[in-house]
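For reference, the structure discussed in these notes is given below.
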There are 2 protein chains.
Amino acid sequence: MSRYRNDDAQRYADIFKALSNPYRVKIFMRLASCCIEASPCGSDGQICECVGTLGKDLGIAGSTVSHHIKELNRSGLVKIKRHGQRTECSVDLSVIDLLLEFFKLAEPV
Amino acid sequence: MSRYRNDDAQRYADIFKALSNPYRVKIFMRLASCCIEASPCGSDGQICECVGTLGKDLGIAGSTVSHHIKELNRSGLVKIKRHGQRTECSVDLSVIDLLLEFFKLAEPV
DNA sequence: TATAAATTTCGAAACACTTCGAATATCAGA
DNA sequence: TCTGATATTCGAAGTGTTTCGAAATTTATA
């Protein structure tokens, strides 16, 4: 067990739970992709999308999209920031690094 | 959305759901770690642990450990193989590679 | 200030997950 | 073949998740 810190299990479980729903995975994919494809749309040059555009192609109610984004935010995967009428969302890269480390530790040296 | 294949969302959600429980994360950590720390204990030289040893420090019923391992297996994260009285478990490295790619795509280039 | 747009909160229904102990199954060795 | 060790399946209770539409909130603009 020593390659990992056993105390971190709950933290990782929370993050993976946030990605355990296909709609949330799609939202995450989209946010992660727009860092490259879209031009910066955030208020401070940070790249993000808002709840409305994220829910557009998902075929679920807006209230459900809002709920899913809140879950992603709670886990730390996604940052949200109100700007005017819109809530802008973006992937938090520090959590991505954490997860990359998590799975790198599972690979043989 | 084009850095990712939208159709893969369900597959990823299934894998992350398998890791959305802290006991399953602990089991995964332990299986991932023993590839280095423990000497090979699998029947064919493959490194693994059995249900009993995995559940030892978890403080939950054996039937629950069995259930969690089945979930990990269903998602493809863990291979299981009956050998004698014991069921040997090991991490499937191809899924680890898949997940490393998933999160690498979320990092800016 | 009044209205419209974007989002969140709320309550409810349906469904899925977690965990246990008891019962059952599988297998090695006496 | 009988026994003990290991593991799985089953049924049940409690809890958590998903989704919706309606209502409320927040903010820009007429």
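Chain A is the first sequence line, chain B the second, and so forth, proteins listed ahead of strands; every chain is numbered from 1.
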**Message:** Nearest 0.5 Å, please: how far is OG1 in A:T53 from CG in A:L58?
**Reply:** 10.5 Å
**Message:** B:E49 and side chain to side chain donor-acceptor pair (under 3.5 Å): which single residue from B:R30, B:R86, B:K56 fits?
**Reply:** B:R30
**Asked** What are the two closest heavy atoms between A:Y4 and A:A106, and how far apart are they?
**Response** OH-N, 3.3 Å
**Asked** In terms of the angle between their ring planes, are A:F103 and B:F28 parallel, tilted or perpendicular, with boundaries placed at 30° and 60°?
**Response** perpendicular
**Complete:** Min and max contacting nt of DNA chain C in 5' to 3' order, chain A heavy atoms within under 4.0 angstrom, are C:dA5 to C:dT9
Review item, side-chain donor-acceptor pairs of residues 13-23 of chain B, under 3.5 Å, at least two apart:
residue : atom : partner : partner atom : Å
B:D14   : OD1  : B:Q10   : NE2          : 3.1
B:S20   : OG   : B:K17   : O            : 2.7
B:N21   : OD1  : B:Y23   : N            : 2.8
B:N21   : OD1  : B:R24   : N            : 3.2

**Request:** Check whether any side-chain heavy atom of B:K104 lies under 4.5 Å from a side-chain heavy atom of A:I96, and answer yes or no.
**Result:** no
**Message:** Which is more 5' along DNA chain D, the nucleotide nearest A:G59 or the one nearest A:G84? Just name the residue.
**Reply:** A:G59
**Message:** Can you give me the closest heavy-atom contact between A:V51 and A:C89, atom names plus distance?
**Reply:** CG2-SG, 4.5 Å
**Message:** Tell me the closest heavy-atom pair linking B:V91 and B:K79, and the distance in Å.
**Reply:** O-CE, 3.9 Å
**Message:** Without decimals, in angstroms, what is the distance between B:K81 NZ and D:dT8 C1'?
**Reply:** 20 Å
**Message:** Whether B:D57 and B:K26 form a salt bridge (side-chain N of Lys/Arg under 4.0 Å from carboxylate O of Asp/Glu) is what I want to check.
**Reply:** no
**pair A:C50-A:T87: side-chain heavy atoms closer than 4.5 Å** = no
**Message:** Listing request: all salt bridge (charged side-chain N to carboxylate O under 4.0 Å, His left out) pairs with a residue in residues 60-69 of chain B, at least two apart in sequence or in separate chains.
**Reply:** none
Polar-atom pairs under 3.5 Å, protein N or O versus N or O of nucleotides 3-7 of chain D: list them with distances, or write none.
residue : atom : partner : partner atom : Å
D:dG4   : N2   : B:Q85   : NE2          : 3.1
D:dA5   : N3   : B:Q85   : NE2          : 3.4
D:dA7   : OP1  : B:V51   : N            : 3.4
D:dA7   : OP2  : B:G52   : N            : 2.8
D:dA7   : O3'  : B:T87   : OG1          : 3.1

Close N/O contacts between protein and nucleotides 12-17 of chain D (under 3.5 Å):
residue : atom : partner : partner atom : Å
D:dT17  : OP1  : A:K17   : NZ           : 3.4

**Item:** Contact summary for A:G76 and A:V95, nearest pair of heavy atoms
**Value:** O-CG2, 3.1 Å
**Message:** Over the length of the helix from C:dT1-D:dA30 to C:dA30-D:dT1, how much do the five-pair end axes diverge, rounded to 10 degrees?
**Reply:** 20°
**Request:** Before accepting this row, confirm whether a basic side-chain N of the pair A:D8/A:R5 lies closer than 4.0 Å to the acidic partner's carboxylate O.
**Result:** yes
